Amino acid sequence: MKTIYFDNNATTKVAEEVLQEMKPYFCDLYGNPSSMHTFGGQIGKEIRHAREQVARLLGCDPSELVFTSGGTESDSAAITGALAAAPNRRTVITTRVEHPAVLAVCRELENHGYTLVELGVDKAGQLDLAELEGQIDDDTALVTIMYANNETGVIFPIDKIAELVTGRGVVLHTDAVQAVGKIPLNLAKSNIDLLSLSGHKLHGPKGAGVLYVRKGTRLSPFMLGGHQEGGRRAGTENVPGIVGLGKACELAAANIEQENRKVKRLRDKLENAILESCPDARLNGDKKNRLPNTANISFEYIEGEAILLMLDKYGICASSGSACTSGSLEPSHVLRAMGVPFTAAHGSIRFSLSRYNTEDEVDYTIEKMPQIVNQLRELSPFVAK
Ligand code: PLP
């Protein structure tokens, strides 16, 4: 059975072009970039090239980028590194809908004497910027707010948030793991100080990511030892991963507009057809300010996990809540923060598409979804027979 992969916010297929670019760095060009000999030393220029490819996608200077092992490391490093560099300020502002890579780190800070402010969101998953502005004071060290939500695709107005934060001695970090490669970003025109991205969300390899650190932003080193990454992040570089991530960014930069159009058209077709054909289905999240690839839909009175299992029987991969929280019986913290009722939050499914999805895959899923939903509703104790 062919796999239909609609779980691209969890991870993506490595692009063939990326894989080809990475291959030589395993068994042929396997030297250590820190070595004195040419065999190893020559690899340094490949890392420089990858840094330039990432910088071009983000609109920043290559010297502002630190390679990491992925989104989780970049988020942790940004938060702990920014706080260590500002010891006199003890308040952190974040939102209730962040990925656990941010939320868990922020909540842990409360055990170390920090004050944490978690901003709520409205029904559409959007923030109240006046509330944010009112929370910033002289004790605020860091504001960490995601660029786009992994579960709903809702995009926060980060550039506006940056304007509110600027000039107040506060560092602004954004977890842009879901945004990079899916929507255009231009850091040259923004006041974001720190930004996290992850290779495996944009058809690059797993285990490779970046932390962008705006020139002049104070950030303590987060891995000590060697001199790599300007002393900020010691450790022998993941050369194949970095080379692959660079190529993935180059591909994203070259194709982002046409891919967005294609992915959005397929996503809209899938979403509209499901909302029309399945009774008691509702879309979660701001319909307008949203990633072009994500649709989060709740089906009242049935369990998201049951829908997933039936989709799986047809070879269709989707997700309920975020991949990290599925498997637990708690409904998604993001949907709960948006005030989605329990009965609907339990029955939510996220479809996340990519450049590799086809019209046939969408049509097949459109055919199967009402059958699945009707079958499960027949079994549901909450639906009057
Ligand atoms: N932040 C967001 C918004 C994510 O969606 C994810 C992964 O799902 C992460 C961080 C973690 O990234 P990684 O898997 O590269 O550690």
Side-chain angles (χ1 to χ4, degrees), residues 5-14 18 54 65-80 94-108 118 121 125 127 144-156 158 161 173-183 185 192 194-212 222-223 233 238 240-242 244-245 248-249 252 284-285 289-296 317-328 332-335 337-338 348 350-354:
Y5 191 74
F6 288 142
D7 202 11
N8 288 280
N9 287 7
T11 196
T12 59
K13 168 186 161 129
V14 172
V18 168
V54 181
L65 301 175
V66 181
F67 285 113
T68 67
S69 66
T72 303
E73 182 187 326
S74 296
D75 286 342
S76 253
I79 296 166
T80 55
T94 189
T95 80
R96 284 170 59 196
V97 298
E98 298 298 309
H99 187 275
V102 166
L103 215 43
V105 179
C106 287
R107 289 182 179 163
E108 176 61 19
E118 291 185 21
V121 293
L127 290 168
T144 172
I145 294 183
M146 69 202 317
Y147 210 115
N149 191 276
N150 45 301
E151 295 191 33
T152 57
V154 169
I155 298 171
F156 283 150
I158 288 296
I161 291 170
H173 166 247
T174 185
D175 174 344
V177 164
Q178 293 294 344
V180 174
K182 294 185 183 130
I183 50 173
L185 260 74
I192 295 166
L194 302 169
L195 175 144
S196 307
L197 71 89
S198 175
H200 73 102
K201 307 287 186 180
L202 66 146
H203 305 290
K206 294 172 182 59
V210 163
L211 178 62
Y212 157 81
F222 46 97
M223 290 267 221
R233 201 272 187 187
N238 167 11
I242 290 171
L245 173 54
C249 288
N284 295 314
N289 298 307
R290 200 165 41 128
L291 294 174
N293 79 319
T294 307
N296 188 310
C317 309
S319 147
S320 70
S322 73
C324 317
T325 53
S326 61
S328 93
S332 139
H333 70 288
V334 175
L335 299 184
M338 290 161 61
S348 79
R350 177 186 72 189
F351 297 95
S352 46
L353 282 66
S354 83

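For ligands, and for the atoms within them, numbers begin at 1 and follow the listed sequence. Counting begins at 1 with the first residue of the sequence. Quick caveat, the model's predicted, so the values are computed rather than measured.
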What are the two closest heavy atoms between [X] and [Y], and how far apart are they?
X    : Y    : result
F156 : M146 : CD1-O, 3.2 Å
R350 : N150 : NH1-O, 2.8 Å
S348 : S320 : O-CB, 3.4 Å
K206 : T12  : NZ-O, 4.2 Å

Against heavy atoms of [X], which atoms of ligand 1 measure under 4.0 Å?
X    : answer
G70  : 15 (O)
T72  : 11 (C), 12 (O), 13 (P), 16 (O)
D75  : 1 (N), 10 (C)
N150 : 3 (C), 5 (O)
Q178 : 3 (C), 4 (C), 5 (O)
G71  : 12 (O), 13 (P), 15 (O), 16 (O)
S198 : 13 (P), 15 (O)

Any donor-acceptor N/O pair, S74 side chain to V210 backbone, under 3.5 Å: yes
Heavy atoms only: which of L103, L197, D175 is nearest to atom 2 (C) of ligand 1? D175
What about A148: any of its N or O atoms under 3.5 Å from an N or O on ligand 1? no
Any chance the side chains of E98 and T95 put a donor and an acceptor closer than 3.5 Å? yes
Could you tell me whether the side chains of S354 and K13 share a donor-acceptor contact shorter than 3.5 Å? no
Between T72, D75, T174, T144, which is the residue that forms a side-chain hydrogen bond (donor to acceptor under 3.5 Å, both in side chains) with S196? D75
Is it the side chain, the backbone, both or neither of [X] that has a heavy atom closer than 4.0 Å to ligand 1?
X    : result
V177 : side chain
T11  : neither
E73  : neither

Out of curiosity, D175 CG to L103 CG, how far, rounded to the nearest 0.5 Å? 11.0 Å
Can K206 be said to touch ligand 1, with heavy atoms closer than 4.0 Å? no
